[in-house]
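Worksheet: one structure, shown below.
So you know, we letter chains A, B, ... as the sequences are listed, proteins then strands, and number each from 1. Because the structure is a prediction, the values reported are computed rather than measured.
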Number of protein chains: 2
Amino acid sequence: MASEADVLQASGERRDLRRATEIVGKKWHPVVISTLLADGRRGFNDLKGALDGISDKVLSDCLDDLQSVGLVTREVIDDKPVRVEYSLTTAGEDLESVIEDLRAWSREHLSEDLPDRS
Amino acid sequence: MASEADVLQASGERRDLRRATEIVGKKWHPVVISTLLADGRRGFNDLKGALDGISDKVLSDCLDDLQSVGLVTREVIDDKPVRVEYSLTTAGEDLESVIEDLRAWSREHLSEDLPDRS
DNA sequence: CAGTATCCAAATAGATACTG
DNA sequence: CAGTATCTATTTGGATACTG
């Protein structure tokens, strides 16, 4: 029998899972995080170059969102011209293993068998 | 210096990651998988009941998609009335640890600190 | 029981042009 | 350099009603 407490716990776990997948499931969020993991603290145009294909607006929205959920820190460096640097918080860094596992799972189960031999 | 080979590999890794997050990032996919992991092989209405809030159409679309990417198997049992049972493939089962890690990460970094003491 | 058929609303992503 | 402003297209998710 499922007690009322069980039901509550299940819905709490669903909510936790959803919060994570809402972040990780956005088109650019995981690759931005992955880039910051690999390359460290970067400026807007560095990221834009590394991402290849992303538009200004989409990167901007993406970084805003990542800040708002506490995965990325934005720091304004007061040079001339002013620079801005983005880096991961520990929450962001802690996604590394999950991202690696997702990638590994994908390679194992999702790669349509490459038609490699000519 | 980034060689051409490095660039190609990076884009391949991005594609792998994207394939995984496209699945895991859908609103209901991870919770359907999670339910099948916990409860095993289930019928349409069992799942619908366990999911609470999902509509027929959305569950139907979701199961179609999970089949098409090879995570779920659909089996028609020829009783009267006919039953249909859904279960995970090994690719689906192999997502268990990733889903658990996502949940754990979420609890550690995303839970807005519960206002628990009255 | 296990869905389909319609229609609709909201969320995401992208193109293009412009700014301090 | 680091964005914002618009406008549009596409993708999802959902409500409701109906079917073999």
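Side-chain nitrogen and oxygen atoms of Trp28(B) include at least one within less than 4.0 Å of the OP1 or OP2 phosphate oxygen of dG14(D). Not one side-chain nitrogen or oxygen of Arg42(B) sits closer than 4.0 Å to the OP1 or OP2 atom of dC1(C). Residue Arg18(A) has no polar side-chain atom (N or O) positioned under 4.0 Å from OP1 or OP2 of dG13(D). Taking only side-chain nitrogens and oxygens, Tyr86(B) never comes nearer than 4.0 Å to OP1 or OP2 of dC1(C). Distances shown here put a side-chain N or O of Ser60(B) below 4.0 Å from the OP1 or OP2 atom of dT4(C).
In this structure, Glu75(A) atom CD and dG3(D) atom P are separated by 13 Å, rounded to whole Å. The distance from atom CG of Asp79(A) to atom P of dC1(D) is 13 Å, rounded to the nearest whole Å. As rounded to whole Å, 12 Å separates atom C1' of dA11(C) from atom NE2 of His29(A). In this structure, Asp56(B) places its CG atom 13 Å from P of dG14(D), rounding to the nearest Å. With rounding to whole Å, Asp61(B) atom CG is found 14 Å from dT6(C) atom P. The distance from atom CG of Leu59(A) to atom C1' of dC1(D) is 13 Å, rounded to the nearest whole Å. Nucleotide dA13(C) holds its C1' atom 16 Å from the CG atom of Asp52(A), rounded to whole Å. Taking atom CD of Gln67(A) as the reference point, atom P of dA2(D) lies 14 Å away to the nearest angstrom.
Mapping Val82(A) and Glu22(A) onto DNA chain C by nearest heavy atom places Glu22(A) closer to the 5' end of the strand.
With a cut-off of 3.5 Å on both pairing distances, the Watson-Crick or G-U wobble partner of dA9(C) is dT12(D). Partner assigned to dG20(D) is dC1(C), using Watson-Crick or G-U wobble distances below 3.5 angstrom.
Distance from the side chain of Asn45(B) is smallest to dC1(C) among dG3(D), dC1(C), dT4(C). Closest to the Phe44(B) side chain, of the nucleotides dA2(C), dG14(C), dG3(D), is dA2(C). When distances run from any side-chain atom of Lys57(A) to the nucleotides dC1(C), dA2(C), dA15(C), the shortest one goes to dA15(C). Of the candidates dT12(C), dA2(D), dG3(C), dT12(C) carries the atom nearest the Lys26(A) side chain, counting heavy atoms from C-beta on. When each of dA17(C), dT4(C), dA13(C) is scored by its nearest atom to the side-chain atoms of Lys27(A), the top-ranked nucleotide is dA13(C). Listed nucleotides: dT4(C), dA15(D), dA15(C). Nearest to the side chain of Ser55(B): dA15(D).
Counting heavy-atom neighbours within 6.0 Å of Asp52(A) CG, excluding the residue itself, gives a total of 12 or less.
Heavy-atom minimum distance, Tyr86(A) versus Gly43(A): CD1-C, 4.5 Å. Here the closest non-hydrogen pair linking Arg41(A) and Glu75(A) is NH1-OE1, 2.8 Å.
For the side-chain hydrogen bond (donor to acceptor under 3.5 Å, both in side chains) criterion with His109(B), the lone passing option out of Thr89(A), Asp94(A), Thr90(A) is Asp94(A).
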Please assess Leu102(A) against Ser106(A) for the test side-chain contact (heavy atoms from CB on, under 4.5 Å), listing each intermediate value before the final yes or no.
-> CA-CA 6 Å; Leu102(A) 278 167; Ser106(A) 173; over 6 Å; no
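Here Val84(B) lies in heavy-atom contact (under 4.0 Å) with sugar-phosphate atoms only.
At a cut-off of 3.5 Å, with distance as the only test, a side-chain donor of Ser34(A) or Arg103(A) sits close to an acceptor on the other residue.
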